[in-house]
Amino acid sequence: MSGPSRRGILGGSAALALATGAVAAPKKKAPLLAPTPPMGWNSWNSFATTINEAQTLETAGIMARELLPAGYDILTVDIQWYEPGASSYEYAKAPVPTMDDHGRLLPAPNRFPSSAGGQGFKPLADKIHAQGLRFGVHLMRGAPRLAVERGLKVVGTNIPIADIVDKRSVCSWNPDMYGVDMSKAGAQAYYDSVFALLASWGVDFVKVDDLSRPYDAHAAEIEAIHRAIGRSGRPMILSMSPGETPVIRGAHAKQHAQMWRISDDFWDDWKLLDAQFTRLENWSPYIGDGGWPDADMLPLGRLALGERDTKFTPDEQRTLMTLWSIARSPLIMGGDLRHLDAATKALLTNPEVIAVNQASSGNRPHFVEDGIRVWTAKAANGDDYLALFNTGGKPREVGVDLKAVGLPASAAVRDLWSRSDAGSAAGRFTVQLPPHGAGLYRLRR
């Protein structure tokens with residue numbers, strides 16, 4: 001009994017290709033927008049809502065000189081750059097954001113003078129690009145409430161913005177926006193218009209807030225923003241905030257964004273840092289391939305409108321950088337760079353530690369003993385990385401059986417923080433760590 005014809009199995013076009021010898025070229029994979037964890041600086045921890053153009057340019061100059069050589073290249077102006085009267089970490093109850101005639105936010109010209117005359121952020125972005133940096137902005141999910149009140153319409157349509165918003169979908173902590181109902185005609189066109197404007201300014205990175213929590217309620221807007229970026233014609237990294245993004249939605253987050261927050265705002269408090277261990281452990285299956293679980297900014301150096309320096313001890317600061325590096329979280333400095341001291345710069349720019357963040361693979365946690373945390377990863381040349389943490393309040397010896405965590409039974413050891421060789425290990429590797437302290441090592445067979 002004869003089986004079905006080859007044409008019947010493959011279909012006409014495939015059969016024709018076989019007959020003629022033609023082979024369809026495989027589709028080229030689009031280049032990743034963030035092939036490695038993004039590195040940069042964000043204004044929130046140090047300037048709150050208040051940063052202006054002069055401060056942005058001063059920071060850009062310092063960043064280009066002090067941090068760009070180590071890889072920090074994205075400068076992001078955080079929330080309410082469109083608010084003329086922004087003054088602190090609090091938000092005005094009745095904001096009057098600067099907008100165009102279609103409800104798209106514009107920089108407040110009293111704070112960003114080069115934006116006058118409808119130029120938006122383009123003049124500022126051009127100056128930042130000229131220093132070798134990329135430019136990022138913060139947006140809130142949705143459309144401005146003021147655009148609804150003023151009866152503005154979506155650009156290129158006759159659709160009132162009031163017809164596309166959901167007035168029940170509001171942020172619990174910021175009064176600027178209404179969520180967009182993506183089932184409404186004109187909803188996608190609105191988001192397309194917003195990101196087309198950002199693209200025209202030369203924006204490279206967009207942090208969209210009030211997006212990833214509650215996740216399912218905002219999933220349609222996440223997808224709409226992803227589409228809008230694709231349609232803008234400019235490659236823009238999408239960072240979703242705030243967390244906690246649910247781990248069970250990791251595949252969706254990774255499909256639509258390059259960074260997604262794994263917690264609410266992270267500040268310089270040991271309890272918050274201690275909690276990030278579990279979150280990063282839970283997110284470890286999603287590290288890489290252009291997607292990066294984001295443990296939030298690095299609250300180091302001068303913070304909070306210049307009122308104080310970080311509360312983290314030097315050991316806790318090292319733990320922070322070690323954890324963010326071995327878990328490949330984006331490295332986004334939050335402290336005021338105008339007060340960058342030598343110790344903080346050294347912490348941020350250690351090239352052997354940054355290599356773990358930027359170029360390691362197979363990053364995974366291990367669970368071997370209460371009161372300690374252990375991670376391993378592979379270096380690009382096949383060496384192994386080992387991170388050890390003492391999360392307790394007293395000094396202690398921290399050690400692991402090398403084979404038990406997938407490492408070679410014997411190896412030469414290099415201490416990445418001291419950037420010096422540290423002898424060899426056989427069978428078991430043990431170090432003495434201070435309270436809330438960490439060590440990061442490279443093991444060579």
Side-chain angles (χ1 to χ4, degrees), residues 37-42 44-46 89 213 239 241-245 247 259-284 287 292-304 307-336 341 343-344 346-350 353-354 356-357 363-377 385-396 398 416-417 431 433-441:
M39 298 174 64
W41 177 86
N42 177 290
W44 173 250
N45 289 152
S46 44
Y89 286 97
R213 188 186 73 219
S239 167
S241 283
E244 189 167 338
T245 302
V247 178
M259 293 168 49
W260 53 91
R261 282 270 297 279
I262 65 166
S263 71
D264 208 334
D265 282 7
F266 176 76
W267 280 93
D268 49 332
D269 180 316
W270 170 252
K271 289 181 181 178
L272 297 180
L273 177 51
D274 193 31
Q276 296 297 66
F277 280 95
T278 300
R279 294 190 178 102
L280 286 166
E281 288 158 0
N282 289 340
W283 274 105
S284 60
I287 297 169
W292 310 106
D294 177 18
D296 204 10
M297 277 99 71
L298 305 167
L300 301 171
R302 187 68 53 86
L303 304 170
E307 292 178 4
R308 61 180 178 80
D309 290 330
T310 186
K311 295 174 186 173
F312 283 136
T313 67
D315 289 321
E316 290 168 348
Q317 292 177 48
R318 180 173 287 192
T319 291
L320 168 65
M321 286 296 294
T322 302
L323 178 59
W324 265 235
S325 294
I326 195 69
R328 304 198 75 189
S329 174
L331 296 178
I332 310 294
M333 170 59 169
D336 190 337
D341 57 66
T344 305
L347 188 77
L348 290 168
T349 61
N350 182 316
V353 174
I354 288 175
V356 180
N357 179 269
N363 309 69
R364 57 178 297 216
H366 303 269
F367 306 95
V368 298
E369 189 177 344
D370 290 344
I372 72 170
R373 298 312 243 264
V374 178
W375 280 70
T376 58
Y385 289 123
L386 172 64
L388 300 175
F389 302 90
N390 172 16
T391 56
K394 296 180 180 178
R396 66 170 294 179
V398 175
L416 301 190
W417 279 115
V431 293
L433 291 178
H436 303 171
L440 184 56
Y441 308 93

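None of these values were measured; they are calculated from a predicted model.
With hydrogens and angles disregarded, a donor-acceptor distance shorter than 3.5 Å links the side chain of Asn363 to the backbone of Ile326. A donor-acceptor pair is defined here as one N or O able to donate and one able to accept, closer than 3.5 Å; no such pair exists between the side chain of Thr245 and the backbone of Trp260. Checked by atom type and distance alone, the side chain of Trp267 never pairs as donor or acceptor with a backbone atom of Thr310 at under 3.5 Å. Between the side chain of Asn390 and the backbone N or O of Val398 there is no donor-acceptor pair closer than 3.5 Å. Formation of a donor-acceptor pair under 3.5 Å by the Asn42 side chain with backbone atoms of Gly334 is not found in this model.
Note that CZ of Arg373 and OG1 of Thr278 are 4.0 Å apart. Values are rounded to the nearest 0.5 Å. With rounding to the nearest 0.5 Å, the separation of CG in Leu433 from CZ in Arg396 is 9.0 Å. For the atom pair OG1 of Thr313 and CZ of Arg318, the computed distance is 11.0 Å after rounding to the nearest 0.5 Å. Taking CG of Leu298 as the reference point, atom CG of Asp268 lies at 11.5 Å (rounded to 0.5 Å). Rounding to the nearest 0.5 Å gives a distance of 11.0 Å between CE of Met297 and OG of Ser329. To the nearest 0.5 Å, the span separating CG on Asp309 from CG on Asp341 amounts to 7.5 Å.
Between Glu281 and Pro365 the shortest heavy-atom distance is CG-CB, 3.6 Å. Considering all non-hydrogen atoms of both residues, Thr391 and Phe277 come closest at CG2-CE1, 3.9 Å. Listed here is the closest heavy atom pair of Gln317 and Phe312: NE2-O, 3.1 Å. Counting all heavy atoms, side chain and backbone alike, Pro330 lies closest to Pro293 at CD-O, 3.6 Å. Contact between Met39 and Ile332 at its shortest, heavy atoms only, is C-CD1, 4.0 Å. Smallest separation of non-hydrogen atoms from Ala387 and Thr322: CB-CG2, 4.0 Å.
Ion pair Arg261/Asp296 flagged as a salt bridge, since at least one NZ, NE, NH1 or NH2 atom sits closer than 4.0 Å to an Asp/Glu carboxylate oxygen.
Looking only at side-chain heavy atoms (C-beta outward), Met321 and Leu348 come within less than 4.5 Å of each other. A 4.5 Å side-chain heavy-atom check between Asn357 and Trp292 finds every atom pair outside the cut-off. In this structure, the side chains of Leu388 and Val374 come closer than 4.5 Å at one or more pairs of heavy atoms.
In summary, of the residues considered (Trp417, Phe389, Trp375), a side chain to side chain contact (heavy atoms under 4.5 Å, CB included) with Leu440 occurs for Trp417 alone.
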Requested in this report: Using the side-chain contact (heavy atoms from CB on, under 4.5 Å) rule, take Leu303 and Asp336 through it: C-alpha gap first, then chi angles, then the decisive distance, then the call.
Outcome: CA-CA 6 Å; Leu303 304 170; Asp336 190 337; over 6 Å; no
Report task. Mind running side-chain contact (heavy atoms from CB on, under 4.5 Å) on His436 and Leu273 for me, showing each step along the way? Result -> CA-CA 10 Å; His436 303 171; Leu273 177 51; over 6 Å; no
**Report entry** Check against side-chain contact (heavy atoms from CB on, under 4.5 Å), Tyr385 and Ser325
**Finding:** CA-CA 11 Å; Tyr385 289 123; Ser325 294; over 6 Å; no
Requested in this report: Could you give me the CA-CA distance, side-chain angles and deciding distance for Met333 and Thr344, then say whether side-chain contact (heavy atoms from CB on, under 4.5 Å) is met?
Outcome: CA-CA 10 Å; Met333 170 59 169; Thr344 305; 4.1 Å; yes
